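Here the structure comes first, spelled out in structure tokens, and everything after it is commentary.
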Amino acid sequence: MEILFYLLDINHEVVDGRPEIRLWGFDNLGNRVLIIDRSFLPSFYLILGEDVDGDGIAKSLLERWGDNPAIAGVELTDRRYFGKPVKAVKVTCNVPEMARYAEAMAKTVGIKGHVEDDLRYASQYLVARDVYPCGWHVLEVGEGGIDPKPRVDRVYLAKSVPKAFEKTDVPDLRILSFSIICYSSRGAPRPESNPVVIISAATNTGMSKQFAADDTDDGPVVDSFVRLIEEFDPDIIVGYGNNTRDWPYLIERCRKLGVKLAVDRSGMEPHTSAYGHISVTGRANLDVNDLAEDLLEVKVKTLENVADFLGVRKRGERTIIEDVNISGYWEDPEKRVKLLAFSEQNAHDILGVCNATLDFTTQMANLVGLPLDQVEAAAVGFRVEWYLIRQAFKLGELVPAREERPYFPYKGAIVLQPKVGIHEKVAVLDFRSLYPSIMIANNASPDTYIPPDQPEPRSGVYVAPEVNHKFRREPPGFYKLVLSDLIKARQQIRDRMRGLGPKSADWRILDARQRVVKTCTNAVYGYAGWIGARWYVKPVAEATAAWGRYVIQQTLDEAKKFGLEVVYGDTDSIFVRHDPEKTGAFLKAVEERLGLDIRPDEVYERVLFTEAKKRYAGLLPDGRLDIVGLEVARGDWCEAAKRVQESVLRIVLREDSPKKAVVFVRGYLNGLKSGRVAYRDFVIWKTLTKPIESYEVNAPHVAAAKILRKEGWEMVVGDKVGYVIVKGKGKIYDRAKPYTLSNLSELDLDYYIANQVLPAAMRILEIFGVKESDLTVAEASKTLSMFL
DNA sequence: GCCGTATTCCTACCG
DNA sequence: ACCGGTAGGAATACGGCG
């Protein structure tokens with residue numbers, strides 16, 4: 001019988017010595033189904049040297065390995081490798097672990113190397129069968145079954161190859177969010193000895209559950225949670241930090257308690273899988289903390305900040321209990337109520353964040369072709385790479401192995417020196433997708449690169465300026481094909497969106513898809529220059545950057561011809577004094593000359609530049625401010641400093657009155673000195689970018705992290721440390737304390753004035769000749785150095 | 001040992 | 001665990017100094 005199937009999760013099993021693929025998802029009637037596919041085996045390729053006897057090598061491989069039970073088949077094939085036609089022996093295996101056979105067989109004379117043995121069996125299936133997570137397929141199935149019986153409505157055996165089926169709607173997913181609270185009287189809880197005292201869960205069907213320990217007896221808590229999952233049977237389980245914290249803790253704790261953490265659909269426990277995520281077979285286990293990495297606007301990625309940014313719940317509408325205070329809240333029966341409420345809020349916020357981001361994540365999974373839970377956890381480079389692997393397969397390109405290589409940087413983009421001060425009516429003109437366009441126009445790609453020692457092809461080459469890297473004109477390279485497809489696809493999606501209401505479900509899904517396509521398009525250049533990339537060819541990235549510099553230089557020359565005043569520019573943009581007529585003609589001339597799409601982005605009413613590049617603020621026609629690069633835009637300045645700077649910018653740009661700004665700052669400082677600024681506005685956040693021991697200097701955030709560690713908290717790479725500077729003598733690092741361990745009365749307010757608020761305010765005001773003393777010295781005694 | 005300055009380390013931003 | 005270009009704070013090294 002034929003069914004429509006939506007893929008949610010994939011895994012493999014070896015049954016009676018035979019590997020098989022398991023596809024978990026839905027049919028179009030809303031049934032949860034498992035489809036077992038026994039028709040596909042893992043494989044790898046042995047690449048042959050040039051001018052060798054392919055048939056002979058295949059034959060000798062068969063003789064040597066044919067009887068090995070792990071080897072199912074050996075076949076001579078034609079493939080491409082970096083664009084060049086090659087002979088390759090495809091070795092099909094009866095075991096999913098292929099690397100050792102690939103290595104052993106590659107030792108055969110005449111074989112240059114082995115590839116694709118490092119692609120997981122399930123991934124190979126998705127690529128080779130062109131099956132897409134979070135997408136619909138049509139296929140022929142028959143009755144099937146596995147032991148033990150999985151937690152699904154139907155089990156089928158695949159009888160045909162699944163074929164992609166055009167259908168945008170998403171099945172009715174059951175989503176369960178959860179959040180756990182663990183208790184230790186001091187420091188970080190450890191699963192060997194400390195209980196999981198609260199588990200809160202919420203579902204998208206409106207159910208809300210909470211399990212709390214009777215004092216420290218957490219067996220029933222975990223048990224109830226497992227039963228809740230069993231009963232609700234979610235398709236998506238979502239948490240915040242569940243990949244790194246919650247699941248590892250629960251797994252370890254359950255081992256200790258002797259409780260089976262049976263939360264998946266096949267009777268196994270959650271386990272570590274690709275890209276540091278934890279896999280729950282048959283479901284998608286999502287960690288919206290991973291997703292938060294994609295939200296560049298959110299600087300300190302706490303659940304409350306992310307929820308706030310996505311409009312899930314407003315800041316202030318929730319109480320926040322810091323990790324260091326949890327034990328106190330749990331121990332005190334009166335405060336325990338608040339802890340329970342806090343945990344419940346967390347579960348609800350996680351659910352809200354999941355709902356707000358699920359379209360994006362499902363579309364990412366579908367475009368890139370990685371399962372939902374993996375794609376959320378994967379870094380940008382790996383997302384791009386999987387998209388490329390899919391396309392490579394369709395082109396008959398072999399997937400290069402990952403290699404370790406040394407790092408040598410190359411020259412990047414041009415940034416112009418800004419003209420200091422305020423400018424009226426400034427237009428920002430930028431090239432649309434400059435790097436992708438350059439790569440397409442010049443066929444820059446790993447498979448079209450012609451090294452200096454090789455002859456030029458008859459069809460000719462494109463030569464990059466400055467670096468002189470050469471790329472064959474014909475045929476179109478891998479990146480050109482991929483990027484052209486992506487750009488075309490995005491255009492098609494946007495065309496389809498035009499016919500839909502902006503609020504409809506289809507519109508939202510398509511909008512998420514076009515955003516995903518754009519993200520991937522823009523990441524290809526970065527991927528090309530990443531030494532970890534399978535298709536890394538440095539000249540591709542280096543040449544693209546060189547062409548980019550050339551384009552901007554040509555644009556500047558043209559602007560000069562038109563008599564346009566350029567006040568700033570960065571990489572793919574120039575900022576000019578707006579003269580509608582001149583600008584229009586100029587844009588046309590540039591397009592003609594360079595064949596690239598350049599267009600006006602914003603026209604700022606007024607824009608302010610300091611002497612520094614990459615830092616400016618512009619006033620938009622609707623009154624909003626664009627603040628770029630300045631302290632306001634940074635996560636490592638305290639709120640107090642950022643707020644003052646933002647106000648100064650607003651006054652200066654909107655009211656054109658530095659004097660008023662000075663008065664404002666003075667007033668703010670007075671308030672600050674008399675304790676009218678909230679404690680949390682003094683917290684400075686910085687990330688630990690390496691293990692505490694490997695720091696060469698004693699930085700304040702490291703000192704604060706050391707204090708936390710001493711208190712029993714584990715501090716790991718990637719942790720954001722919130723610290724304050726307290727009164728006292730000595731270096732700043734001697735006076736940095738974790739903000740959770742201090743309070744307003746301890747703070748060194750003079751430090752905050754001199755090193756946070758004043759620098760942030762002066763960054764703007766110094767442009768107008770304001771002196772620091774204008775902001776600090778008492779009114780009566782001050783000599784007005786400004787307003788000249 | 002102190003002081004002012006140059007250099008290095010470190011983080012987070014822009015496009 | 002995507003690129004290079006850039007700013008800027010704090011720590012540290014350095015040079016002068018009876």
Side-chain angles (χ1 to χ4, degrees), chain A residues 274-276 290 293-294 296-297 299-300 377-385 388 402 404 407-418 428 430-436 439 519-536 538 540-546 548-549 552 568-575 601 610-616 626-638 641 684-690 694-703 717-718 720-721 725 730-736 751 754-756 758-760 762-763:
Chain A
Y275 312 115
D290 290 334
E293 296 301 320
D294 297 340
L296 289 327
E297 299 91 338
K299 305 293 174 192
V300 181
V380 177
F382 294 107
R383 292 178 185 169
V384 170
E385 189 147 279
L388 292 174
R402 221 168 260 305
E404 290 234 357
Y407 166 71
F408 296 109
Y410 61 88
K411 201 166 148 201
I414 291 175
V415 188
L416 303 181
Q417 199 63 51
V428 181
D430 54 18
F431 287 96
R432 304 232 300 173
S433 353
L434 180 63
Y435 285 180
M439 292 166 92
T519 318
C520 285
T521 311
N522 290 340
V524 171
Y525 159 73
Y527 174 85
W530 173 37
I531 56 169
R534 291 176 188 266
W535 276 282
Y536 176 75
K538 190 172 131 186
V540 174
E542 195 170 32
T544 303
R549 294 192 296 274
I552 278 297
Y568 181 58
D570 185 350
T571 310
D572 58 358
S573 70
I574 64 167
F575 292 46
D601 186 8
T610 66
E611 277 179 7
K613 296 171 175 182
K614 296 186 182 279
R615 313 183 120 220
Y616 59 90
D626 251 359
I627 302 177
V628 180
L630 294 161
E631 282 72 5
V632 174
R634 298 180 63 96
D636 58 350
W637 285 73
C638 74
I684 300 165
W685 293 90
K686 276 201 167 75
T687 311
L688 284 179
T689 59
K690 43 182 152 182
S694 29
Y695 278 91
E696 294 190 32
V697 294
N698 215 338
H701 72 296
V702 181
V717 174
K720 279 246 186 206
V721 186
I725 303 302
K731 298 278 192 191
I732 292 167
Y733 63 74
D734 281 327
R735 301 188 284 124
Y751 166 85
N755 298 53
Q756 291 272 319
L758 281 178
M762 283 303 295
R763 191 94 55 220

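Quantities reported herein were computed from a predicted structural model and do not represent experimental measurements.
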What is the distance, to the nearest angstrom, from the [atom1] atom on [X] to the [atom2] atom on [N]?
X	N	atom1	atom2	answer
A/Leu296	B/dA12	CG	P	13 Å
A/Asp294	C/dC2	CG	C1'	13 Å
A/Trp535	C/dC2	CH2	P	16 Å
A/Lys690	B/dT11	NZ	C1'	11 Å
A/Phe575	B/dC14	CZ	P	12 Å
A/Lys720	B/dC10	NZ	P	17 Å
A/Tyr568	C/dG5	OH	C1'	10 Å
A/Ile627	B/dC14	CD1	C1'	15 Å

Nearest to the side chain of [X], which nucleotide is it out of [options]?
X	options	result
A/Val415	C/dC2, C/dG5, C/dC3	C/dG5
A/Val380	C/dC2, B/dT11, C/dG4	C/dC2
A/Trp530	C/dG5, B/dG15, C/dA1	C/dA1

For this session: Give, for atom CZ of A/Phe575 and atom CG of A/Leu416, the distance between the pair rounded to the nearest 0.5 Å.
Result: 10.0 Å
Distance test, side-chain N/O of [X] to OP1/OP2 of [N], below 4.0 Å:
X	N	value
A/His701	B/dT11	yes
A/Thr571	C/dG4	no
A/Tyr616	B/dC13	no
A/Tyr435	C/dG4	no

For this session: State, with a plain yes or no, whether a side-chain heavy atom of A/Tyr751 is found less than 4.5 Å away from one of A/Gln756.
Result: yes
Closer than 3.5 angstrom, by distance alone: can the side chain of [X] be matched with the main-chain N or O of [Y] as a donor-acceptor pair?
X	Y	result
A/Lys720	A/Val300	no
A/Glu542	A/Tyr410	no
A/Lys299	A/Ala633	yes
A/Arg383	A/Ala523	no
A/Thr687	A/Thr689	no

Looking across every strand, which nucleic acid part, if any, lies under 4.0 Å from [X] by heavy atom: base, sugar-phosphate, or nothing?
X	result
A/Ala541	nothing
A/Gly532	nothing
A/Tyr695	sugar-phosphate
A/Gly412	sugar-phosphate
A/Lys538	nothing

Close N/O contacts between protein and nucleotides 7-11 of chain C (under 3.5 Å):
| from | atom 1 | to | atom 2 | distance (Å) |
| --- | --- | --- | --- | --- |
| C/dG8 | OP1 | A/Arg615 | NH1 | 3.2 |
| C/dG9 | OP1 | A/Arg763 | NH2 | 3.0 |
| C/dA10 | OP1 | A/Tyr751 | OH | 2.6 |
| C/dA10 | OP2 | A/Asn755 | ND2 | 3.1 |
| C/dA11 | OP1 | A/Ile732 | N | 3.4 |
| C/dA11 | OP1 | A/Tyr733 | N | 3.0 |

Problem set entry | Pairwise P distance, C/dA1 and B/dC10 [rounded to whole Å] | 16 Å
Problem set entry | side chain to side chain contact (heavy atoms under 4.5 Å, CB included) evaluation trace for A/Tyr536 with A/Arg402 | CA-CA 9 Å; A/Tyr536 176 75; A/Arg402 221 168 260 305; over 6 Å; no
